[in-house]
Amino acid sequence: MDVPGAVVLVTGAGRRVGRAIALAMAQAGCDVAVHCHRSTKDAATVADQIRVMGRRAVVEIADLGEPDGPMRLVEQTVMDLGRLDILVNNASVFVKMPLDQADVAAWERILRVNTIAPALLARAAVPHMRRSGAGRIVNLIDILADRPIEAHGLYCASKAALAALTRSLALELAPEITVNGISPGIAVFPDDFDEALRQRLIDKVPLKRAGSPEQIAAVVRFLATEGDYITGQIIAVDGGMSL
């Protein structure tokens with residue numbers, strides 16, 4: 001795939017891993033749709049950084065939990081940047097919620113954002129990718145999809161479903177479009193994790209260190225620029241934690 005000049009949509013691109021992915025794809029020569037829901041100032045800063053690199057960037061605001069949010073996001077991206085070649089489904093909701101607190105509304109919200117929105121975004125993006133003759137879809141999953149932890153059943157289930165969706169779409173959308181997933185381990189800690197908890201988690205990593213958003217972004221860039229013969233794969237970027 002000819003990446004320089006391609007258009008990439010990165011969801012949840014205002015902060016953390018999404019920000020690193022948006023910047024890495026701009027460095028690879030892409031024009032970038034920087035999606036956010038509420039982090040509009042952060043997203044605007046990312047877009048400014050991309051423009052400094054000499055690439056086009058737009059901020060797209062959408063609630064992926066709304067039924068028509070994904071479709072409108074893709075349509076607006078194509079309207080603003082003229083095409084869509086690469087979709088990176090990074091936005092997600094991470095929530096700790098024991099089963100006895102998880103009502104229907106909670107299940108619906110997390111599944112809509114973490115699983116259904118990536119599917120609907122792919123559905124909306126595919127016609128534009130096929131029109132160009134090629135496309136890339138990269139889904140950000142989590143090693144917790146295969147190694148669930150207590151009181152995070154909603155999140156773990158949503159990511160496990162996204163992993164299955166990734167493999168299914170890889171079969172359905174071949175040969176023009178590749179679909180792959182990345183499962184981070186410790187890329188960036190949640191803000192409410194104290195230093196003691198962070199160190200306990202790092203101690204469980206075979207490489208004995210945390211990863212970084214930039215390391216995740218590097219794998220996204222590789223799949224977009226060099227991954228012509230890779231599809232249906234879920235790559236753990238976790239320092240060996242999933243072992």
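What you see is a predicted model; the values in this text were computed from it and never measured. Keep in mind that the numbers below use all heavy atoms, side chains included, and drop hydrogens, waters and symmetry copies.
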Linking I/L/V/M/F/W/Y whenever their side-chain heavy atoms sit closer than 4.5 Å, directly or via other members, would L87 and I216 fall into one cluster?
no
Hphob cluster co-occupancy, L121 + V7, side-chain heavy atoms under 4.5 angstrom
yes
For P206 and M241 the tightest heavy-atom approach is CD-N, 3.6 Å
Quick check: closest heavy atoms across V34 and A13, and the distance to 0.1 Å?
CG1-CB, 3.6 Å
I86 side chain near C30 side chain, heavy-atom distance below 4.5 Å
yes
Could you check V10, I182, I235 and say which one makes a side-chain contact (heavy atoms from CB on, under 4.5 Å) with V138?
I182
Hey, does the side chain of D103 reach the backbone of A106 with a donor-acceptor pair shorter than 3.5 angstrom?
yes
R221 vs M25 side-chain heavy atoms within contact, under 4.5 Å
yes
Going by heavy atoms in the side chains, are L81 and R56 under 4.5 Å from each other?
yes
Validation row: V32, R51 side chains within 4.5 angstrom (heavy atoms):
no
Same cluster or not: are V78 and I137 linked, directly or through other Ile, Leu, Val, Met, Phe, Trp or Tyr residues, by side-chain heavy atoms under 4.5 angstrom apart?
yes
Between R198 and L201, is there a side-chain heavy-atom distance shorter than 4.5 Å?
no
Could you give me the CA-CA distance, side-chain angles and deciding distance for D194 and L197, then say whether side chain to side chain contact (heavy atoms under 4.5 Å, CB included) is met?
CA-CA 5 Å; D194 62 28; L197 176 56; 3.3 Å; yes
Nearest heavy-atom approach of I50 to A57 is CG2-CB, 3.7 Å
CZ (R72) and CE (M79) are apart, to the nearest 0.5 Å, by 11.5 Å
Could I get the full list of salt bridge (charged side-chain N to carboxylate O under 4.0 Å, His left out) partners for R19, not counting sequence neighbours?
none
Please walk me through it: do L23 and E214 pass side chain to side chain contact (heavy atoms under 4.5 Å, CB included)?
CA-CA 9 Å; L23 294 176; E214 289 71 24; over 6 Å; no
Is it true that R147 and D238 have a side-chain N and a carboxylate O under 4.0 angstrom from each other?
no
V93 vs Y155, test: side chain to side chain contact (heavy atoms under 4.5 Å, CB included). Steps then yes/no.
CA-CA 7 Å; V93 177; Y155 175 80; over 6 Å; no
Looking at every non-hydrogen atom in both residues, tell me the closest pair between R112 and P67 and how far apart they are.
NH1-CG, 3.9 Å
Within-4.5 Å side-chain heavy-atom neighbours: E176 and S132
no
Counting heavy atoms not belonging to L99, are there more than 12 under 6.0 Å from its CG?
no
Test item: Q215 side-chain N/O and S212 main-chain N/O as donor-acceptor pair under 3.5 Å
yes
Could you grab the distance from atom CG of L154 to atom NZ of K96, nearest 0.5 Å is fine?
13.5 Å
Return yes if some donor-acceptor pair links the side-chain N/O of H35 with the main-chain N/O of L9 below 3.5 Å, else return no.
no
Just wondering, are more than 12 heavy atoms of other shown residues or ligands nearer than 6.0 Å to NZ in K41?
no
Could you tell me whether the side chain of K159 and the main chain of L140 form a donor-acceptor pair under 3.5 Å?
yes
Using modelled atom types and a 3.5 Å cut-off, is there a donor and acceptor pairing between side-chain atoms of T11 and backbone atoms of N90?
yes
Same cluster (ILVMFWY, side-chain, under 4.5 Å), M129 and V3:
no
Testing the basics here: between P70 and L120, what is the closest heavy-atom pair and its distance to 0.1 Å?
CB-CB, 3.7 Å
N89 and its side chain to side chain donor-acceptor pair (under 3.5 Å) partner, picked from N139, N114, T115
N139
Can you tell me how far CG of L162 sits from OG of S92, rounded to the nearest 0.5 angstrom?
9.0 Å
Considering only heavy atoms from C-beta outward, does the side chain of V59 approach that of T40 to under 4.5 Å?
no
Quick one: does any side-chain atom of H152 pair with a main-chain N or O of E150 as donor and acceptor, under 3.5 Å?
yes
Would you say the side-chain atoms of K208 pair up with the backbone N or O of I202, donor to acceptor, closer than 3.5 Å?
no
Give a yes or no on whether F193 and V188 share a hydrophobic cluster (residues Ile, Leu, Val, Met, Phe, Trp, Tyr; joining criterion: side-chain heavy atoms under 4.5 Å apart).
no
Whether the side chain of T178 engages the backbone of R136 through a donor-acceptor N/O pair (distance < 3.5 Å, no angle test) should be reported.
no
Straight-line distance of D31 CG to L84 CG, nearest 0.5 Å
11.5 Å
Would you find a donor on one side and an acceptor on the other, under 3.5 Å apart, between the side chain of S242 and the backbone of I143?
no
Rounded to the nearest 0.5 angstrom, the CD-CD distance for E75 and E60 is 11.5 Å
Quick check: closest heavy atoms across F94 and P190, and the distance to 0.1 Å?
CE2-CG, 4.4 Å
Is there a side-chain contact between R130 and L173 (heavy atoms, below 4.5 Å)?
yes
When rounded to the nearest 0.5 Å, the distance separating CD of E172 from CD1 of I177 is 10.0 Å
